[in-house]
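Please read the structure below before turning to the comments.
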Amino acid sequence: MSENELLKPDAIDSDDDDDTVCLGESFFVDNNYELTTFTFGSHVLHLLCLQSASTDFDLTGQLVWPGARLLNQYISNNVDLLQGSSALELGSGVGVTGILCSRFCHKVVLTDHNDEVLKILNKNIELHESSEGSNSCAALSAEKLEWGNSDQLDHILQKHPEGFDLILGADIFSFQQNSVPPLFDTVRQLLCLQGKERCRFILAYVSRSKMMDVMVTKEAIVHGLQINEVEGSRSVISNLEGVIYEITL
């Protein structure tokens, strides 16, 4: 056998030339949720969530991010803001903020755009509603909502034509700059439904990039919205700077 024959690779059938490994969605999905206890002031929640980020960029909603802790601490210290109101949460993830709000609101709609995240969100709603000693006084529901998707938003508003008193968002600008304009498109539509000074968007923002910091403020203004930092809300959480914004028409 010659040296060339030794180095020559085995013949490969032509049918295998275009062999491609295709990974289904399930490859990226981590369902190893753990029942986790969260305490905000005197309020204790037990929710299923991941303890670390998924391999899929689009599944960040499977765990609780620092901004949710920041917003929940703010809510627990300012219960009067929510008492008896209706609320819609954007980018709810596992639902830690919306479920806390259900202790004070009369209606809370939690939303997310990812079907896998919506599964765990619905499980957590069921867990909360069936838990012993649950103090929930609100009607809790979950809906699919991709920011900027008018059909999905219309579907929600058909069920809730009166709109909402509060729009909530926690750590929803973590990575993707292209999500900022459609987010504010959706926020503006929701705020306009109630009219000026009758609805507000409470946003817990965590700074991870100066470019994103500027973009969030700029897009709010471009969409004709007023954005104001809540006095005394700026703090360090998980070694990152966080702040609460109140955004109105």
> In chain order, what residues pass the side chain to side chain donor-acceptor pair (under 3.5 Å) check against R188, with sequence neighbours excluded?
Replying inline: none

>> Quick check: do Y33 and L63 have side-chain heavy atoms less than 4.5 Å from each other?
In response: no

>> Please list all pairs meeting salt bridge (Lys or Arg N to Asp or Glu O under 4.0 Å) that have one or both residues in residues 215-233, counting only residues at least two apart or in different chains.
In response: E229-R234

>> Quick one: does any side-chain atom of S92 pair with a main-chain N or O of T111 as donor and acceptor, under 3.5 Å?
In response: yes

> By side chain to side chain donor-acceptor pair (under 3.5 Å), which residues pair with K123, not counting sequence neighbours?
Replying inline: none

> Hey, does the side chain of D171 reach the backbone of A68 with a donor-acceptor pair shorter than 3.5 angstrom?
Replying inline: no

> Nearest 0.5 Å, what's the CG-CG distance between L45 and N72?
Replying inline: 7.0 Å

> Okay, side chain of S102, backbone of L140: is any donor-acceptor separation there less than 3.5 Å?
Replying inline: no

> Taking only residues two or more places apart in sequence or in another chain, which ones pass side chain to side chain donor-acceptor pair (under 3.5 Å) with Q226?
Replying inline: none

> side chain to side chain donor-acceptor pair (under 3.5 Å) with E126: which residues, sequence neighbours excluded?
Replying inline: none

> Are I75 and T97 side-chain neighbours, meaning at least one heavy-atom pair lies under 4.5 Å?
Replying inline: yes

>> To the nearest 0.5 Å, what is the distance between CG on L203 and CD1 on I172?
In response: 5.5 Å

> For L240, what residues pass the side-chain contact (heavy atoms from CB on, under 4.5 Å) criterion, not counting sequence neighbours?
Replying inline: V206, R208

>> Applying side-chain contact (heavy atoms from CB on, under 4.5 Å), can you list everything that pairs with S76, at least two apart in sequence or on another chain?
In response: F40, H43, Q73

>> Just to verify, what does V230 make a side-chain contact (heavy atoms from CB on, under 4.5 Å) with, not counting sequence neighbours?
In response: Y74, S233, I244, E246

> Is V79 reachable from L100 through a run of hydrophobic residues whose side-chain heavy atoms are each under 4.5 Å from the next?
Replying inline: yes

> With sequence neighbours excluded, what pairs up with K144 under the side-chain contact (heavy atoms from CB on, under 4.5 Å) test?
Replying inline: D115, L118, Q152

Sequence neighbours excluded and cut-off under 3.5 Å, please list the side-chain donor-acceptor pairs for residues 158-167, or say none.
| from | atom 1 | to | atom 2 | distance (Å) |
| --- | --- | --- | --- | --- |
| K159 | NZ | E143 | OE2 | 2.8 |
| H160 | ND1 | K107 | NZ | 3.2 |
| E162 | OE2 | K107 | NZ | 2.1 |
| D165 | OD1 | Q194 | NE2 | 3.3 |
| D165 | OD2 | S86 | N | 2.8 |
| D165 | OD2 | S86 | OG | 3.2 |

Sequence neighbours left out, cut at 3.5 Å: what donor-acceptor pairs do the side chains of residues 210-217 make with other protein atoms?
| from | atom 1 | to | atom 2 | distance (Å) |
| --- | --- | --- | --- | --- |
| D213 | OD1 | Y205 | OH | 2.5 |
| D213 | OD1 | S207 | OG | 3.1 |
| D213 | OD2 | S207 | OG | 2.8 |
| T217 | OG1 | D213 | O | 3.4 |

>> Are L48 and V94 packed together at the side-chain level, in the sense that at least one heavy-atom pair is separated by less than 4.5 angstrom?
In response: no

> Are the side chains of L190 and L157 in touch, meaning some heavy atoms are under 4.5 Å apart?
Replying inline: yes

